[in-house]
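Everything numeric here is computed off the predicted structure, so don't read it as measured data.
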Amino acid sequence: MTEVAPRWGAVDLAVAFVVAQLASALGFALFAAAQGIPMGELDTDALTIGEVALLQVPLWLGLLGVPLLATRLRGNGPVRDLGLWTTLRDAPVGLAIGVACQLVLVPLVTLPIFIFTDTDQEALEAPARELTDKAQGPGVLVLVLVVVVAAPLAEEVFFRGMLQRTLARHLPIWPAMLITSVLFGISHFQALQLPALAAFGLVLSVLAHRTGRLGPSIWAHVGFNATTVVALVAGG
């Protein structure tokens with residue numbers, strides 16, 4: 001098959017973001033309507049883990065669906081254009097890097113926050129703890145599917161696959177990776193976790209760039225998220 005010059009880029013990134021946000025908002029609106037309550041009165045803290053998982057699906061339509069569709073229609077497909085493939089070696093290496101980042105990189109990056117502010121570990125873990133507290137019994141499996149499987153795949157395709165490669169067409173690779181990493185951190189809407197997420201994002205960007213494929217970064221992302229889930233679920 002003859003390879004063509006990709007015609008996807010910034011416009012597709014904007015479309016992916018808009019589709020993700022609109023689809024997510026529509027999903028919440030439909031869910032609230034199904035519950036018979038006004039959208040403004042929907043208590044997200046009261047959602048079950050299954051409901052949280054269901055409401056993530058529209059978001060992934062943008063982050064994952066648009067890049068996959070754009071590369072097929074305006075490029076050479078996600079394997080060639082985004083590096084969406086993996087090798088047997090990617091799994092153990094990526095998982096080890098992800099676990100190491102969670103156990104070593106995150107504490108190092110967040111240490112100044114503990115030193116210079118009144119923030120403690122409990123505050124840092126609050127967003128993840130809120131999610132894991134919802135997971136009881138079969139809910140743990142749903143949590144794993146959402147946080148450990150689906151989220152890494154969707155986020156890596158969007159950030160390291162489409163965003164980073166689009167930026168790299170116009171910028172030197174290090175600024176492209178730095179911008180991608182910061183935007184990755186910001187996208188989680190967690191101010192306290194932003195430095196650690198951006199630092200981890202840079203590790204993922206380097207993996208994707210150096211190998212030319214998303215396999216290592218996806219597996220590292222899986223290992224990173226899995227470490228958090230295991231620690232919080234095991235800790236009760």
### Task
Could you tell me whether Ile115 atom CD1 has more than 12 heavy atoms of other residues or ligands within 6.0 Å of it?
yes
### Side-chain donor or acceptor of Asp81 paired with backbone N/O of Pro78 under 3.5 Å
no
### Message
Does either side chain, that of Glu155 or that of His221, offer a donor lying less than 3.5 Å from an acceptor on the other one?
### Response
yes
### Message
I'd like to know whether CZ of Arg169 has more than 12 heavy-atom contacts from other residues, nucleotides or ligands below 6.0 angstrom.
### Response
yes
### Summary
For Val109 and Ala199 the tightest heavy-atom approach is CG2-CB, 3.9 Å
#### Entry: Distance in Å, Thr211 OG1 paired with Leu207 CG, rounded so as to fall on 0.5 Å steps
6.5 Å
### Derivation of the side chain to side chain donor-acceptor pair (under 3.5 Å) call for Asp90 and Thr87
CA-CA 5 Å; Asp90 290 342; Thr87 68; 3.2 Å; yes
### Message
Does atom CZ (Phe17) have a neighbourhood of more than 12 heavy atoms from anything else shown, all under 6.0 Å?
### Response
no
### Task
List the steps and the verdict of side-chain contact (heavy atoms from CB on, under 4.5 Å) for Leu153 and Val149.
CA-CA 7 Å; Leu153 177 60; Val149 179; over 6 Å; no
### Task
Mark yes when over 12 heavy atoms from residues, nucleotides or ligands other than Asp43 sit less than 6.0 Å from its CG; otherwise mark no.
yes
### Message
Tell me whether the count of non-hydrogen atoms from other residues, nucleotides or ligands lying under 6.0 Å of CD in Gln121 goes above 12.
### Response
yes
### Task
Identify the heavy atoms of Val99 and Gly223 that sit nearest to each other, and give their distance.
CG2-O, 3.9 Å
### Query
With a cut-off of under 6.0 Å to the ring centre and 45° to the axis, is Arg74 in cation-pi contact with Trp8?
no
